[in-house]
Amino acid sequence: MSEHKDFLRTIVEKDLKAGKYEEVVTRFPPEPNGFPHIGHAKSIAINFGIARDYNGHCNLRMDDTNPTTEDTKYVEALKDAVEWLGFDWEGDVRFTSDYFSKLYDYAIELIKMGKAYVDSVGEEEMRELRGTVTEAGKRSKYAERSVEENLDLFERMKNGEFKEGEHILRAKIDMSAANMKMRDPLMYRIRHEHHFRAGDAWAIYPMYDFAHCLSDYIEGVTHSICTLEFENNRDIYNWVLDTLGLEPPHPYQHEFARLGINYTVMSKRKLLELVESGVVNGWDDPRLPTIAGYRRKGYTPESILNFCDSIGIAKANSMVDLAQLEFSIRDDLNKKVPRVMCVLDPLKVTLTNYEGTEELDASYYPEDVPKEGSRKLPFSKEIYIDRADFMEEPPKGYFRLTPEQPVRLKHAYIITCKEVIKDANGTIVEIKAEYHPDSKSGQDTSGIKVKSAIQWVDGKAHKEVEVRLYDRLFACEAPEDIEDINTDSLKVINNALVEPAVVNEKPDERFQFEREGYFYADPVDYTDEKPVFNKIVGLKDSYSKKKKSPKSESKAQVKKVQVDGEVVPMNEAEQALFDRYTNTLKLNGMVADILARDEKLSAFYDEALNELDSPVNLANIVANDVARELKEKDVNTLNFSAKQIAELVKMLDDETISSKIAKQVFEEMVKSGENPRDIVEAKGLIQISDLAVISPIIDEVIAKNPDNVEKFKAGNTKLLGFFVGQVLKATGGKANPQVVNQLVNEKLK
RNA sequence: UGGGGUAUCGCCAAGCGGUAAGGCACUAGUUUUUGGUACUGGUAUUCGGGGGUUCGAAUCCCUCUACCCCAUCCA
């Protein structure tokens with residue numbers, strides 16, 4: 001129903017509307033040092049999605065500024081992922097390395113402005129000089145080098161005249177900045193390393209903080225969207241663009257929370273570890289949360305996109321339940337995919353009263369899936385069913401075949417068990433059963449009631465296939481490392497039996513194996529001789545859930561006790577002020593506390609008090625509303641004066657205006673600096689307390705909302721607010737809310 | 001410990017002073033030749049805690065608490 005926008009789209013819309021940009025340009029800027037995972041999918045969906053929604057465009061840019069970790073095989077994987085998800089990037093794939101010489105020029109400009117310098121301290125010393133989060137850092141002695149010297153050194157760095165680590169180019173910002181990122185951040189480091197695209201042309205490589213903002217600018221990006229951990233970097237982002245004095249429009253950075261899913265790891269480092277240690281079989285192992293992995297497993301791009309859509313975009317760190325992803329793929333495949341029969345754990349059934357063979361018609365799709373298509377099902381005396389679908393001594397609520405309970409073979413006949421044959425160990429090896437000739441699917445006249453229909457395959461006319469059953473890679477919700485791995489994450493069934501049409505007709509590459517789950521013909525290992533199917537996801541299973549679920553543990557959670565920290569005690573002057581406020585002016589403790597502790601506020605309050613002797617109302621508005629404005633501004637930059645606030649409160653005291661209107665007028669004063677009386681007059685905001693005026697309006701509101709009147713009378717007293725709100729709305733906020741409140745209450749009684 | 005963020009149901013997430021959306025999960029029922037799907041209902045007297053302002057607060061003010069990020073020549 002509600003077409004709400006995420007906060008990024010809200011920003012984009014506002015910017016577009018304000019004419020800040022003509023066209024929205026975003027970018028997806030991965031570093032090509034690993035395979036993209038589903039977290040990247042979220043970023044792709046956001047960046048390309050926003051560009052699409054607002055008729056802009058999105059670039060694909062490889063952020064390749066670190067030659068030691070990056071590789072061209074990863075850029076291919078990245079391109080594949082974006083394409084597979086169905087997005088087109090604008091023009092060619094971009095590379096930060098394409099901008100190296102432009103970036104170099106910008107750096108020189110900064111040096112010339114005295115805003116960057118070559119530092120030559122060692123790594124260790126630099127760390128020490130940087131200070132800590134609580135202590136300011138110190139600039140190294142090299143910060144004093146002349147522009148000429150810096151220019152010379154920097155050029156020689158570029159030419160490869162120095163060893164790695166010998167020199168570094170830093171921005172000259174502020175070594176005592178509270179934001180550690182602003183303590184003269186590094187812009188260039190020396191790397192005698194072969195770059196997979198730039199070759200050996202460069203001996204210096206730009207750092208992220210220098211390269212990223214400028215690359216965005218060069219490409220005309222308007223909204224530079226990244227994850228939360230870059231919040232602290234935003235200051236440098238703006239600093240570089242601003243101090244270079246680049247012609248607007250500038251791009252601006254906005255951050256959202258990265259995706260976390262339980263039972264999986266998402267960090268590139270950990271993923272790399274899993275791949276390199278051989279715990280999984282490559283980057284596209286279906287147990288990995290990589291896009292290649294999901295793709296190999298059989299997920300559709302639509303399902304991934306729907307998932308990204310369903311989890312929303314916000315700024316709170318969160319951990320999404322894996323069930324949400326699984327829902328997305330089931331939901332997608334349910335509408336699309338043919339149903340087919342496969343027996344994972346075969347148990348032979350001989351139909352003692354059946355002779356010959358026949359072919360049964362069977363639709364590929366259930367009635368609720370509006371798709372056409374069917375196949376023939378060979379049927380004969382010998383068939384296989386799944387071992388789990390027969391029980392000699394069934395528990396209560398078991399719907400399948402038992403010695404007493406017949407069952408339907410899906411698309412075929414009802415059968416009744418006659419004899420159970422076991423081997424020497426007591427394991428069941430065969431069932432002898434009888435079929436009911438008049439119970440054929442679609443023309444059943446037998447009148448036999450069965451509780452379920454099970455899958456089966458013909459004893460001879462079937463295909464043997466390999467089925468790979470995947471489970472979550474990790475055993476715990478928030479896995480840390482390899483210790484937490486689920487040792488049962490892959491089960492291979494070598495000889496599952498599938499009905500012949502699956503392999504012969506190949507009606508699709510994804511199937512629902514009835515009553516089991518969704519499966520995908522493995523794109524790599526599948527051959528006609530040995531078909532291989534990957535389990536994408538199981539069907540929802542309310543039976544086994546009911547069976548084991550021991551009802552979630554004690555729900556009676558004790559409410560967490562929260563200890564209150566200590567409040568800083570007031571100093572003497574503050575205490576004196578506080579006492580005066582509470583004792584002689586009769587302010588309540590909280591308000592007095594707020595005022596007394598803040599010099600700006602108490603001064604403002606005292607000034608207003610000189611104008612008007614209304615200590616309580618004045619205190620309230622100062623402590624609540626004026627305080628908000630004074631949080632970031634200084635008294636003399638405010639648009640309004642203490643005198644005007646006194647005037648406002650005067651009107652409140654007179655009941656010329658209501659407190660609701662007072663807030664509105666205050667907002668106006670903040671913006672325009674006009675006199676409160678003028679505002680009230682100009683907008684006609686004088687309070688209406690006349691019953692003769694208010695009463696008919698209430699009647700109208702009541703008449704318009706019979707449902708809510710009903711609910712109110714039934715005891716939903718919260719609705720009082722609704723009615724008052726409606727009346728106030730109808731009067732432009734001018735009705736006296738106290739009067740309205742009382743009147744509504746009476747009328748609804 | 002300085003700075004920057006974030007707290008609304010088991011998990012996501014709307015909400016921006018006037019009736020606490022929605023999805024997942026859970027649950028009860030209806031339909032069903034998939035224990036699937038679909039459909040119908042049930043799930044927050046309450047928004048991290050405590051105060052204050054207001055006729056009215058998840059929303060404004062004060063304060064406390066918890067968690068995340070920042071001291072790589074990574075991005």
Side-chain angles (χ1 to χ4, degrees), chain A residues 1-2 4 29-31 33 63 65-66 69 123 126-127 130-135 137 164-165 168 177-181 183 186 188-191 207-208 212 228-234 255 257 262 310-312 314-321 323-324 327 330 334 339 366-369 399 408 410-411 441-442 444 450-455 512 514-516 539-544 546 552 560 562-567 588-591 593-594 597 620-621 623-625 627-628 658-660 663 708 711 716 718-726 728-729 736-742:
Chain A
M1 184 178 88
S2 58
H4 76 265
E31 182 189 13
N33 67 346
D63 208 1
T65 58
N66 184 357
T69 56
E123 229 175 307
M126 182 175 312
R127 200 179 352 262
R130 186 146 36 216
T132 67
V133 285
T134 47
E135 296 160 51
E164 289 188 11
I168 198 99
N179 179 355
M180 295 292 292
K181 295 267 163 165
R183 322 253 255 227
L186 276 50
Y188 270 93
R189 77 287 216 188
I190 298 169
R191 275 293 107 97
M207 304 289 290
Y208 168 85
H212 203 89
L228 248 30
E229 65 270 26
F230 291 97
E231 271 171 331
N232 294 316
N233 302 247
R234 189 175 54 222
E255 312 87 9
N262 56 10
S310 77
I311 56 175
K315 290 187 77 145
N317 285 319
S318 56
M319 184 75 87
V320 175
D321 197 330
Q324 184 108 13
F327 168 81
R330 278 195 205 104
N334 174 50
R339 318 291 142 121
E367 278 193 50
D368 49 338
V369 174
F399 294 170
R408 170 171 297 282
K410 178 98 185 172
H411 300 300
S441 189
D444 183 359
V450 291
K451 291 213 172 78
S452 74
I454 62 173
Q455 75 274 28
Q512 185 195 106
E514 294 230 28
R515 304 210 305 135
E516 291 288 353
L539 255 26
K540 259 180 86 171
D541 181 3
S542 46
Y543 174 63
S544 61
K546 209 177 274 178
S552 56
K560 266 182 276 177
Q562 185 161 289
V563 281
D564 271 12
E566 224 150 278
V567 182
N588 86 37
M590 192 70 235
V591 173
D593 191 87
I594 295 169
R597 281 172 187 278
N620 283 343
I621 197 164
N624 285 296
D625 301 287
R628 179 170 55 245
S658 66
S659 63
K660 190 187 180 81
K663 300 238 178 208
N708 283 339
K711 282 191 215 163
N716 190 349
K718 280 183 295 188
L719 252 24
L720 182 61
F722 164 77
F723 286 109
V724 175
Q726 290 297 308
L728 250 44
K729 204 169 157 191
N736 182 331
Q738 283 171 72
V739 173
V740 174
N741 223 314
Q742 198 188 340

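Letters go in sequence order (proteins before strands), and every chain restarts at 1. Scope of the values below: all heavy atoms of this structure, side chains included, with no hydrogens, waters or symmetry mates.
Residue contacts shown for A/F399 include a base, since a base heavy atom lies under 4.0 Å away. Note on A/K718: a base of the nucleic acid sits closer than 4.0 angstrom, heavy atoms only. A/V724 comes within contact range of at least one nucleobase, with a heavy-atom separation under 4.0 Å. Contacts of A/V369 with the nucleic acid, taken as non-hydrogen atoms under 4.0 Å apart, are absent. As judged by a 4.0 angstrom heavy-atom cut-off over every strand, A/G442 is placed among the base-contacting residues. Counting any heavy atom pair closer than 4.0 Å across all strands shown, A/I454 reaches no nucleic acid atom.
Side-chain N/O atoms of A/Q324 and base N/O atoms of B/G23 include a donor-acceptor pair closer than 3.5 Å. Scanning atom types as modelled, no donor and acceptor separated by under 3.5 angstrom connect the side chain of A/R515 and the base of B/U34. The base of B/U33 is paired with the side chain of A/S441 by a donor and an acceptor separated by under 3.5 Å. At a cut-off of 3.5 angstrom, the base of B/U34 holds at least one donor-acceptor pair with the side chain of A/Q512. One cannot find a donor-acceptor pair under 3.5 Å joining the base of B/G18 and the side-chain atoms of A/N741.
Base orientation of B/U72: syn, the glycosidic angle falling within 90° of 0.
Annotation: ring-ring contact (aromatic ring centres under 6.0 Å, His included) contacts of A/H411 (sequence neighbours excluded): none. Partners of A/E516 according to the salt bridge (charged side-chain N to carboxylate O under 4.0 Å, His left out) rule, which considers only residues two or more places apart in sequence or in another chain, do not exist here. Residues satisfying the ring-ring contact (aromatic ring centres under 6.0 Å, His included) test with A/F230, not counting sequence neighbours, are A/Y208. With sequence neighbours excluded, no residue satisfies salt bridge (charged side-chain N to carboxylate O under 4.0 Å, His left out) with A/K660. Shown here are the ring-ring contact (aromatic ring centres under 6.0 Å, His included) partners of A/F723, two or more places apart in sequence or in another chain: there are none.
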Nucleotides 67-75 of chain B: protein proximity per nucleotide (B base, S sugar-phosphate only, - neither; heavy atom, under 4.0 Å)
-SBSBSBSB

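B/A66 and B/U6 make up a base pair, with Watson-Crick or G-U wobble contacts both under 3.5 Å. Across all strands shown, B/C55 pairs with B/G18; the Watson-Crick or G-U wobble distances both stay below 3.5 Å. Under the Watson-Crick and G-U wobble criteria, each requiring two contacts below 3.5 Å, nucleotide B/G29 is paired to B/C39.
The two residues A/L186 and A/R130 come nearest to each other via the heavy atoms CD1-NH1, 4.5 Å.
Atom CD1 in A/I594 sits about 12 Å away from atom P in B/C64, given to the nearest Å.
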